[in-house]
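Some notes on the structure that comes next.
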Amino acid sequence: MASIVAATPWSRIRTITKLELAPPIFLQSSVYYCKRRRFSVAASLSTNTNKVDGQVRVRFAPSPTGNLHVGGARTALFNYLFARSKGGKFVLRIEDTDLERSTKESEEAVLQDLSWLGLDWDEGPGVGGDYGPYRQSERNSLYKQYADKLLESGHVYRCFCSNEELEKMKEIAKLKQLPPVYTGKWATATDAEVQKELERGTPYTYRFRVPKGGSLKISDLIRGEVSWNLDTLGDFVIMRSNGQPVYNFCVTVDDATMAISHVIRAEEHLPNTLRQALIYKALGFSMPYFAHVSLILAPDRSKLSKRHGATSVGQFREMGYLPQAMVNYLALLGWGDGTENEFFTLKQLVEKFTIERVNKSGAIFDSTKLRWMNGQHLRAIPSNELTKLIGERWKSTGILTESKGPFVDEAIQLLKDGIDLVPDSDKALSNLLSYPLRDTLTR
RNA sequence: UGGGAGGUCGUCUAACGGUAGGACGGCGGACUCUGGAUCCGCUGGUGGAGGUUCGAGUCCUCCCCUCCCAGCCA
C-alpha cells in the first residue's frame with residue numbers, strides 16, 4: 001500500500017511494498033534508501049514522539065493463572081529498574097482475559113511476591129491511577145469500542161467459519177508443512193452474505209485483515225532491527241465468538257490507552273509484535289519502543305518450567321531466600337554493569353541499569369550460584385537486623401523461648417558464617433547446642 | 001516444516017577490530033578440632049569452515065547447533 005510506504009522521518013515502523021524490493025532498480029536506489037533509513041532512525045532516537053510529555057511509562061502485565069515465575073519476576077525487575085532509572089512510571093496490569101484459568105488467589109499471590117521483592121508499582125491494583133481499570137477483565141467495554149471501530153474502518157471483518165472448517169484449514173496447512181494461515185473465506189463476503197448469517201444467528205469471530213505483501217520492521221532496543229514479511233501471516237482473530245477479546249488485541253489497546261512508552265517483555269512475545277504493530281497502525285496509535293528480553297532457561301536450555309524444580313518466587317521465598325538476593329541474582333541473569341562487581345542492592349541496580357546492557361541470549365538458572373549469592377547478602381545484613389530475622393524465627397519455630405537477648409546475639413554471630421539460608425540456622429543452632437562440651441573440656 | 005531470535009570456560013558475565021578477564025562450580029592449599037566463612041593457587045571457553053584486515057570473540061559469507069512462536073492461552 002503506497003500510503004503506508006510514505007513513512008515520515010519520525011516513523012519507527014516501516015512497511016515496504018514489493019515494488020520497492022524489485023531488482024535491479026532497488027539496487028540502484030539502495031544507497032538512497034539507506035540514507036533515508038539512517039535519517040529516520042536518527043530522528044526517532046532524537047525525538048521522543050511518545051506520550052505524556054515524553055515520560056517513560058512501562059508495564060508489567062502478569063496473568064493471574066499461577067504463581068509469579070522467576071522469569072516473570074525478572075521481566076518485572078527490568079521494567080522496574082528501567083522506570084526508576086529514567087524517573088518514569090512502573091505500571092502493573094493484570095491480564096486475566098483467560099476467564100477459566102485466572103483466579104483471585106493467583107492475583108493476590110503475584111502482588112505479594114512483587115512487594116516482597118521490593119518492586120513497588122506506581123499505578124495498578126491497590127494504588128489506582130489515571131489509566132485504569134488495571135485488570136483486563138474490567139476493560140471489556142473499551143475493547144468492544146475499539147473492535148467496532150476496526151470493523152467500521154474495514155480493518156476487521158466478521159468470520160463465520162465453524163471450528164470444523166478451521167480445523168480442516170489447519171490440516172491442509174500441516175500437510176503442506178506450513179503454519180495455519182486463514183484462507184480468507186469471509187474476508188470478501190458481501191454485506192448480504194454477512195447479514196444472512198447474522199440473521200441465522202451463526203456464531204462469528206472478528207478477524208483482522210492483514211495487508212497483502214510488504215514487510216514490517218521494528219527496532220528492538222535489545223536486538224536491533226527485526227522484520228517480518230506480511231505474507232507469512234494470515235488474517236487473525238481479535239474477538240472470540242463468545243465476545244471475549246483475544247490477547248494481542250487487548251494488549252495493544254491496553255498499552256496504547258495506558259500511554260505505555262516502552263514495552264519491555266519476554267522474548268516469547270516477539271512473534272506477537274507483528275500482529276500488535278498492525279493493530280497499532282490500524283487504530284492510529286503511536287508505536288511504543290519495544291525491547292524483548294531473553295528467557296530464563298533450564299539446564300537443558302529449554303524454557304524453565306516446573307518440571308525443572310523450583311521456578312516460582314514463592315518457592316524460593318519459602319526456602320528462605322532473601323528478596324535482596326533474588327533481585328540481585330535475577331538482575332545478573334542477562335544483564336551486567338560492565339564491571340566485575342556482582343553484589344548490588346536494589347537501589348544500586350536502579351543507578352546502574354541500562355537496557356543496552358541486557359543480553360540477547362538466554363541464560364540458564366543456576367540454583368547453586370543463587371544460594372552462594374544469598375549467603376553473601378545474608379552476611380551483609382547488619383547485626384541487629386539479622387538478630388531480628390533469625391531470632392524471631394527461632395522463637396516462632398519453638399527452638400528457643402526468646403527471640404532476642406545476649407544468647408541469641410552471640411549464637412547468630414557464631415553461626416552466620418556457616419549458613420547461606422535463614423532456615424539453615426535451625427540445624428546450625430541444634431548442632432551447636434548438642435555439642436558434647438563436658439566431654440571436651442579438660443578439668 | 002514456516003517465521004522469528006540466539007551461540008565466549010560446566011554456569012553467569014566482561015573484552016572501543018588490538019594481551020580473551022571476573023564470578024559461581026570443580027580440584028588443591030592456608031587458617032581451623034571438623035565443617036563453614038575468609039584468603040591463595042589451579043582447572044576451564046570464543047560452535048565449524050572460509051573471507052576482509054597488519055591484526056577478528058567482534059566485520060562479511062556459508063554450514064552446524066539451540067531457543068521462541070505457529071490456541072477462539074497469555
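Because the structure is a prediction, the values reported are computed rather than measured. The basis for the numbers below is simple: all heavy atoms, side chains too, and nothing from hydrogens, waters or symmetry mates. First the proteins, then the strands, lettered A, B, ... as listed; each starts at 1.
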Legend entry - Donor-acceptor pair under 3.5 Å, A:Lys360 side chain vs B:A5 base: no
Legend entry - Distance between P atoms of B:A14 and B:A23 (Å, rounded): 15 Å
Legend entry - B:C54 - base-pair partner by Watson-Crick or wobble geometry, distances under 3.5 Å: B:G18
Inset, instruction - Return the 5'-most residue of the pair A:Glu342, A:Leu99 with respect to RNA chain B, ranking by each residue's nearest nucleotide. - result: A:Glu342
Inset, instruction - Calculate, to the nearest 0.5 Å, the distance between atoms NZ and CG belonging to A:Lys170 and A:Leu175 respectively. - result: 14.5 Å
Inset, instruction - Using a heavy-atom cut-off of under 4.0 Å over every strand shown, decide if A:Lys303 touches base, sugar-phosphate, or nothing. - result: sugar-phosphate
Legend entry - Residue-phosphate contact under 4.0 Å: A:Arg265 side-chain N/O, B:C69 OP1/OP2: no
Inset, instruction - Establish whether the base of B:A74 is bridged to the side chain of A:Asn272 by a donor-acceptor pair shorter than 3.5 Å. - result: yes
Legend entry - Among B:C69, B:C67, B:C24, the one nearest A:Leu295 by side-chain distance: B:C67
Inset, instruction - Would you mind reading off the distance between A:Arg101 atom CZ and B:C72 atom C1', rounded to a whole angstrom? - result: 14 Å
Inset, instruction - Test A:Ser361 against A:Asn359 for side-chain hydrogen bond (donor to acceptor under 3.5 Å, both in side chains), laying out the working first. - result: CA-CA 6 Å; A:Ser361 60; A:Asn359 286 329; 5.9 Å; no
Legend entry - Rounded distance (Å) that lies between atom P of B:A5 and atom CD of A:Glu268: 17 Å
Inset, instruction - Report the base-pairing partner of B:C73 (Watson-Crick or G-U wobble, both distances below 3.5 angstrom), or none. - result: none
Legend entry - Base partner of B:C62, which must satisfy Watson-Crick or wobble distances under 3.5 Å: B:G48
Legend entry - Pairwise P distance, B:U8 and B:C59 [rounded to whole Å]: 14 Å
Inset, instruction - Could you tell me whether A:His292 contacts a base, only the sugar-phosphate backbone, or nothing, with contacts defined as non-hydrogen atoms closer than 4.0 Å? - result: nothing
Legend entry - For B:G26, the Watson-Crick or wobble partner whose two distances fall under 3.5 Å: B:C42
Legend entry - Presence of A:Asn229 side-chain N/O under 4.0 Å of B:G2 phosphate oxygens OP1/OP2: no
Inset, instruction - Check whether any side-chain N or O of A:Arg240 sits under 4.0 Å from OP1 or OP2 of B:A74, and answer yes or no. - result: yes
Inset, instruction - Kindly say if A:Thr97 contacts the phosphate of B:A74, meaning a side-chain N or O under 4.0 Å from OP1 or OP2. - result: yes
Inset, instruction - Find the distance A:Lys369:NZ to B:G26:P and express it as a whole number of Å. - result: 13 Å
Legend entry - Distance, C1' atom - from B:G10 to B:G47, rounded to whole angstrom: 16 Å
Inset, instruction - Could you check which nucleotide pairs with B:C67 in any of the strands shown, counting Watson-Crick or G-U wobble with both distances under 3.5 Å? - result: B:G4
Inset, instruction - For A:Tyr204 and B:C72, give me the distance from atom OH to atom C1', rounded to whole Å. - result: 14 Å
Legend entry - Donor-acceptor pair under 3.5 Å, A:Ser241 side chain vs B:C72 base: yes
Legend entry - Value in whole Å for how far the P atom of B:C12 lies from CZ of A:Phe344: 18 Å
Inset, instruction - Go through B:A37, B:G7, B:C67 for me and flag the one nearest to the A:Arg379 side chain. - result: B:A37
Inset, instruction - Report which part of the nucleic acid A:Gly334 touches: base, sugar-phosphate, or nothing (heavy-atom distance under 4.0 Å, all strands). - result: sugar-phosphate
Inset, instruction - Consider the side chain of A:Pro180, meaning its heavy atoms from C-beta on, and name the nucleotide among B:C72, B:G6, B:A70 that approaches it most closely. - result: B:A70
Inset, instruction - Any strand is fair game: report the nucleotide pairing with B:G36 by Watson-Crick or G-U wobble, both distances under 3.5 Å, or none. - result: none
Inset, instruction - May I ask you to decide if the ring planes of A:Phe208 and A:Phe236 are parallel, tilted or perpendicular, using 30° and 60° as cut-offs? - result: parallel
Legend entry - Least distance between heavy atoms, A:Thr97 atom then A:Gln136 atom: CG2-OE1, 3.5 Å
Legend entry - Whole-Å distance separating the CZ atom of A:Phe236 from the P atom of B:G3: 19 Å
Legend entry - Phosphate-side-chain proximity, A:Trp228 and B:G4, N/O vs OP1/OP2 below 4.0 Å: no
Inset, instruction - Check whether any side-chain nitrogen or oxygen of A:Gln376 sits under 4.0 Å from OP1 or OP2 of B:U38, and answer yes or no. - result: yes
Inset, instruction - Please indicate whether A:Glu385 has more than 12 foreign heavy atoms, meaning atoms of other residues, nucleotides or ligands, lying under 6.0 Å from its CD. - result: yes
Legend entry - Whole-Å P distance, B:A30 and B:C68: 47 Å
Legend entry - P atoms of B:G7 and B:G28, separation to the nearest Å: 35 Å
Inset, instruction - Would you kindly give the CG-to-P distance between A:Asp96 and B:C73, to the nearest whole Å? - result: 14 Å
Inset, instruction - Please determine if a side-chain N or O atom of A:Arg357 lies less than 4.0 Å away from the OP1 or OP2 oxygen of B:U13. - result: no
Inset, instruction - Could you pick out which residue, A:Pro62 or A:Ile364, lies toward the 5' side of RNA chain B when each is mapped onto its nearest nucleotide? - result: A:Ile364
Legend entry - Whole-Å distance separating the CG atom of A:Leu414 from the P atom of B:U32: 17 Å
Inset, instruction - For B:G57 versus B:U19, give the span between their P atoms, rounded off to a whole number of Å. - result: 10 Å
Inset, instruction - Measure from the side-chain heavy atoms of A:Pro179 and tell me the nearest of B:A5, B:U8, B:G2. - result: B:G2
Inset, instruction - State, yes or no, whether a side-chain contact exists between A:Val251 and A:Arg59 at a heavy-atom distance under 4.5 Å. - result: yes
Legend entry - Span that lies between the C1' atom of B:A70 and that of B:A15, in whole angstrom: 38 Å
Inset, instruction - Please tell me which of the listed nucleotides, B:A74, B:C72, B:U13, lies nearest to the side chain of A:Asn163? - result: B:C72
Legend entry - Separation of the P atoms in B:G6 and B:A49, to the nearest angstrom: 24 Å
Legend entry - In B:G71, glycosidic geometry as syn within 90° of 0 or anti otherwise: syn
Inset, instruction - Please determine, by modelled atom types, if A:Arg265 and A:His292 share a side-chain donor-acceptor pair under 3.5 angstrom. - result: yes
Legend entry - A:Asn248 vs B:A74: side-chain N/O to OP1/OP2 distance below 4.0 Å: no
Legend entry - Check ion pair A:Arg379-A:Asp420 (N to O, under 4.0 angstrom): yes
Inset, instruction - Flag the pair A:Glu165 and A:Lys185 as a salt bridge only when some basic side-chain nitrogen lies within less than 4.0 angstrom of an acidic carboxylate oxygen. - result: yes
